[in-house]
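Index from 1, following the sequence.
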Amino acid sequence: MKREFLQNFKVGDQPLPKEIVDAIMEENDRDIEAAKKPFEDYDLIKDQLQTAKDGLKAFDGVDVTGLQGQITKLQSDLTAAESKYQADLADMAFNGVLKDAIAAARGKHAGAIIGALGAERITALKDSKNQSKDIATALEGLKKDSSYLFEPEQTPPPFAAGTGANPPPTGVFNFGFTGIRAKQGTNQ
């Protein structure tokens with residue numbers, strides 16, 4: 001409804017007063033706004049519908065069975081990668097325990113000791129329930145067979161300075177040059 005339409009109405013010979021026209025226009029504006037309110041998100045919904053249609057067009061001609069096969073393959077690859085990751089973590093933990101045990105047994109070269117143990121024995125130690133005890137037992141057996149791979153248990157006593165007949169010099173410039181000075185009492 002337009003304001004001019006109401007201004008052209010006459011009650012008797014008089015046009016409608018301005019206050020009445022304003023009141024009717026305000027009520028009409030409220031009615032229009034109330035009627036628009038349910039449709040405020042029409043453009044948003046229309047855009048979403050178009051986006052969904054465009055997205056569905058991307059799947060035209062797609063082989064659903066092939067996609068399901070790819071999903072199955074990717075899931076099995078993920079499972080295999082996870083199990084490999086877990087195996088690698090277990091190997092790292094075992095290698096840490098083994099190297100610590102070699103160091104505790106005073107091994108000279110960890111790689112040589114691991115090689116001397118052999119692949120079958122290492123695999124058996126990995127699968128062992130009590131790895132620490134079994135590794136220590138294996139290293140003790142290797143120590144008996146190949147003692148050259150380990151430092152001896154008894155270390156020689158440390159060098160003790162000053163045990164000889166001459167005591168060590170005590171001064172900073174104590175070179176023992178006593179024969180170079182001129183003798184006193186001679187005119188040379």
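Look at Arg30 and Glu27 and you find a salt bridge, because one of the NZ, NE, NH1 or NH2 atoms lies within 4.0 Å of a carboxylate O, short of that distance. By the 4.0 Å N-to-carboxylate-O rule, Asp134 lies too far from Lys129 to be salt-bridged with it.
For Lys18, the side chain to side chain contact (heavy atoms under 4.5 Å, CB included) partners two or more places apart in sequence, or in a different chain, are Asp22.
Linking Ile, Leu, Val, Met, Phe, Trp and Tyr whenever their side-chain heavy atoms come within less than 4.5 Å puts Met25 and Ile20 in one cluster.
Legend: side-chain hydrogen bond (donor to acceptor under 3.5 Å, both in side chains) pairs involving residues 77-89, not counting sequence neighbours, sorted by first then second residue: Lys73-Asp77, Glu82-Gln86, Lys84-Asp88. Judged as a side-chain hydrogen bond (donor to acceptor under 3.5 Å, both in side chains), the pairs with a partner in residues 54-63 (not counting sequence neighbours) are, in order, Gln50-Asp54.
A heavy-atom distance below 4.5 Å is found between the side chains of Asn28 and Ile32. Side-chain contact between Leu98 and Ile113: absent, with no pair of heavy atoms (C-beta onward) separated by less than 4.5 Å. Contact check for Leu67 versus Gln70: side-chain heavy atoms found under the 4.5 Å cut-off.
With values rounded to the nearest 0.5 angstrom, Leu125 atom CG is found 10.5 Å from Ser132 atom OG. Annotation: the span from Asn95 atom CG to Ile122 atom CD1 amounts to 8.0 Å, rounded to 0.5 Å. Atom-to-atom distance recorded for Thr51:OG1 and Leu56:CG is 11.0 Å, nearest 0.5 angstrom. Interatomic distance, CG of Leu78 versus CD1 of Ile71, reported as 13.0 Å (0.5 Å rounding). Between Phe150 atom CZ and Glu140 atom CD the span is 8.0 Å, to the nearest 0.5 Å.
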Evaluate the criterion side chain to side chain contact (heavy atoms under 4.5 Å, CB included) for residue pair Leu49 and Lys53; output intermediate values, then yes/no. CA-CA 6 Å; Leu49 177 63; Lys53 285 180 180 179; 3.9 Å; yes
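Crowding of Lys143 atom NZ: a count of heavy atoms from other residues, nucleotides or ligands under 6.0 Å exceeding 12.
Between Ala101 and Ile135 the shortest heavy-atom distance is CB-CG2, 3.5 Å. Nearest heavy atoms, Gln131 versus Lys126: NE2-O, 2.9 Å.
Checked by atom type and distance alone, the side chain of Ser146 never pairs as donor or acceptor with a backbone atom of Tyr148 at under 3.5 Å.
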